[in-house]
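To find a chain, count down the sequence lines: A is the first, B the second, and so on, and within it residues start at 1. Both backbone and side-chain heavy atoms feed into the values below; hydrogens, waters and symmetry mates do not.
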2 protein chains.
Amino acid sequence: MGKGEQTRQAILDEAFSMASCIGVGALSIGVLAERTRMSKSGLFAHFGSKEELQLAVLREAQQRFADIVLRPAFRQPRGLGRLRAIVVNWLSWTREANLPGGCVINAAAAEFDDQPGPLRDEVKNGLLALRRVLAETAAKAVETGELRPNTDVDQLAFELEGIYQVAQQSRRLLDDPHADRRALVAFDRLVADHAILREKE
Amino acid sequence: MGKGEQTRQAILDEAFSMASCIGVGALSIGVLAERTRMSKSGLFAHFGSKEELQLAVLREAQQRFADIVLRPAFRQPRGLGRLRAIVVNWLSWTREANLPGGCVINAAAAEFDDQPGPLRDEVKNGLLALRRVLAETAAKAVETGELRPNTDVDQLAFELEGIYQVAQQSRRLLDDPHADRRALVAFDRLVADHAILREKE
DNA sequence: GACACTAACGAACGATCGTTCTATAACGTA
DNA sequence: TACGTTATAGAACGATCGTTCGTTAGTGTC
């Protein structure tokens with residue numbers, strides 16, 4: 001990795017953790033330069049525009065999400081276990097990644113849902129892709145016979161996303177120490193509703 | 001209502017709808033003055049500081065929420081019907097209120113969850129109060145015998161909030177036209193899980 | 001008609017914003 | 001060691017930020 005690439009990654013690291021606290025939209029090149037002990041112009045040269053920097057942060061977030069949440073879960077055999085692994089990793093990924101201020105992606109989702117442009121598109125595509133992964137993982141649990149054949153996997157992905165969002169809000173804003181537990185309770189109930197009943201289990 | 005109060009309300013109306021699009025944190029006194037055809041200083045005098053203006057917007061949001069979502073629902077007799085009325089009003093309240101850019105409160109929740117101060121406190125208290133209302137409404141449905149006595153009403157409020165959040169995101173960011181229907185499906189299933197079973201219903 | 005009070009204005013403040021330009025280091029290759 | 005390339009710095013730009021100040025209208029009261 002060349003020197004430039006190395007610096008760029010260091011900037012991105014700092015920007016990533018900053019964005020997690022104040023939001024991608026509130027990122028400031030001046031403050032970021034100060035934190036990385038660079039000049040504004042030197043830092044700026046790595047991205048060409050503020051928007052490009054913000055996009056880079058969003059892409060970085062998606063990549064880390066895939067590395068921390070999805071990839072490990074996919075080492076589980078397909079089925080309900082894999083789906084549950086995703087949820088468990090998902091709930092704790094802001095602690096694994098360098099995200100002192102919570103999930104960048106969901107914050108950006110609320111921030112840009114009304115502002116057309118590349119940033120909104122990036123967030124939208126990322127979340128659509130995630131929904132697809134969730135739905136497909138659920139579909140595999142149908143194949144394995146763990147979920148009922150008539151399960152609406154898109155509805156399931158929808159509800160999973162809801163569980164995640166409220167868990168984040170409860171933990172971060174409302175300081176609820178039981179948020180994760182509540183999220184898992186919700187997940188188990190949700191899955192049980194679509195599970196194929198086995199006697200005595 | 002005196003002249004001053006009238007102007008202040010007009011400013012607040014505009015700020016409210018602006019905040020819904022760009023977020024409470026991104027409100028700008030200059031832009032707001034332009035939109036209301038006032039001078040920056042004239043507008044500023046009504047609030048004394050930007051933070052005070054932001055607080056006023058958040059309080060306005062909570063008041064409108066109570067007027068549009070809660071008050072009408074409480075005209076229903078206590079029980080599941082009332083709970084469902086809250087959810088239905090809740091899902092559509094951004095259309096009733098002047099909220100072209102979605103729910104201000106939830107956007108602010110994501111924005112300020114990491115920034116201590118009066119704004120975070122205001123949002124947190126508002127959302128805690130909402131959770132309380134939801135839980136108490138559910139508790140009344142236990143009293144009427146519609147929900148099981150051992151229902152965890154706080155867990156239920158938690159999950160309701162999740163359903164709302166993902167519905168917002170699906171509708172606003174992902175442009176999903178079925179978001180509200182999915183939310184109601186989720187609600188009905190959630191309630192059914194805690195309902196007292198009646199034969200043939 | 002003088003007076004107090006409120007509402008709004010216009011100008012200016014220092015700070016910070018994103019961005020541009022030019023210059024200077026540092027580095028890789030010959 | 002010289003040269004081209006890349007990486008970073010420094011200074012300045014015009015714009016906008018929140019805020020302050022002094023002043024001017026409008027309004028009701030004695």
Side-chain angles (χ1 to χ4, degrees), chain A residues 1-19 21-60 108 111-112 115-120 122, chain B residues 1-19 21-60 104 107-108 111-112 115-120 122:
Chain A
M1 184 159 63
K3 181 79 157 62
E5 199 58 36
Q6 200 173 320
T7 311
R8 189 189 144 102
Q9 193 55 49
I11 298 170
L12 226 42
D13 280 355
E14 186 62 41
F16 186 64
S17 114
M18 263 186 71
C21 288
I22 61 173
V24 173
L27 278 176
S28 143
I29 291 184
V31 175
L32 198 48
E34 206 171 275
R35 290 244 220 157
T36 52
R37 273 183 275 278
M38 287 185 67
S39 65
K40 281 206 307 177
S41 52
L43 187 148
F44 185 87
H46 283 273
F47 301 93
S49 78
K50 180 181 175 178
E51 193 173 58
E52 211 54 55
L53 164 67
Q54 294 172 310
L55 275 173
V57 169
L58 290 178
R59 296 202 189 99
E60 174 80 12
E111 202 173 354
F112 297 119
Q115 297 164 256
L119 294 174
R120 192 193 118 110
E122 185 71 29
Chain B
M1 184 160 59
K3 181 78 158 64
E5 198 58 37
Q6 200 173 320
T7 310
R8 189 189 143 102
Q9 193 55 49
I11 298 169
L12 226 42
D13 279 354
E14 186 62 40
F16 186 64
S17 113
M18 263 188 71
C21 289
I22 62 172
V24 174
L27 279 175
S28 142
I29 290 183
V31 175
L32 199 47
E34 207 171 89
R35 291 245 220 157
T36 52
R37 275 185 271 279
M38 287 185 66
S39 64
K40 282 206 305 179
S41 52
L43 188 150
F44 185 86
H46 283 274
F47 301 94
S49 78
K50 181 182 175 177
E51 192 173 60
E52 211 53 54
L53 164 67
Q54 294 171 311
L55 276 173
V57 169
L58 289 179
R59 295 200 188 100
E60 175 79 12
V104 186
E111 199 172 356
F112 297 120
Q115 297 163 255
L119 294 174
R120 192 192 118 110
E122 185 70 29

Interatomic distance, A:Ile29 CD1 vs C:dT20 P [rounded to whole Å]: 10 Å
Roughly how many Å is it from CG in A:Leu43 to P in C:dC17, rounded to a whole number? 12 Å
Quick one: does A:Ile22's side chain get under 4.5 Å of B:Glu111's, heavy atoms only? no
Near A:Glu51 CD, under 6.0 Å, is it more than 12 heavy atoms from other residues, nucleotides or ligands? yes
Among C:dC17, D:dG18, D:dA11, the nucleotide that comes nearest once only the side chain of A:Ser41 is considered: D:dA11
Any side-chain heavy-atom pair from A:Met18 and A:Arg35 closer than 4.5 angstrom? yes
Nearest to the side chain of A:Thr7 - D:dA7, C:dA8, C:dC17? D:dA7
From CZ of B:Arg8 across to P of C:dT6 the rounded distance in Å is 16 Å
Strictly below 4.0 Å, heavy-atom distances to any atom of DNA chain C: list the hits from residues 47-54 of chain B, or just say none. none
How many Å lie between CD on A:Gln6 and P on C:dC27, as a whole number? 12 Å
Can you tell if the side chain of B:Leu32 reaches within under 4.5 Å of the side chain of B:Lys40, non-hydrogen atoms only? no
Within the 4.5 Å heavy-atom criterion, are A:His46 and A:Leu53 side-chain neighbours or not? no
Do A:Phe47 and A:Gln54 have side-chain heavy atoms sitting under 4.5 Å apart? no
Indicate whether OP1 or OP2 belonging to D:dT8 is found under 4.0 Å from a side-chain N or O atom of A:Lys3. yes
Presence of B:His46 side-chain N/O under 4.0 Å of C:dA8 phosphate oxygens OP1/OP2: yes
If you look at every strand shown and take non-hydrogen atoms under 4.0 Å, does A:Leu32 touch a base, only sugar-phosphate, or nothing? nothing
Roughly, in whole Å, what's the span from CE in A:Met38 to C1' in D:dA11? 17 Å
What is the distance, to the nearest angstrom, from the CD atom on A:Glu5 to the P atom on D:dT5? 20 Å
Give, for atom CE of B:Met38 and atom CD1 of B:Ile11, the distance between the pair rounded to the nearest 0.5 Å. 4.5 Å
Separation of D:dT8 C1' from A:Ile11 CD1 (nearest whole Å): 10 Å
Separation of A:Phe44 atom CZ from D:dA7 atom P, in whole Å? 16 Å
Would you kindly check whether a donor in the side chain of A:Lys40 faces an acceptor in the base of D:dG10, or vice versa, at under 3.5 angstrom? no
Categorize A:Ser28 for me: base, sugar-phosphate, or nothing, with a 4.0 angstrom heavy-atom threshold over every strand shown. sugar-phosphate
By the 4.0 Å heavy-atom rule, please label B:Ala45 as base, sugar-phosphate, or nothing. nothing
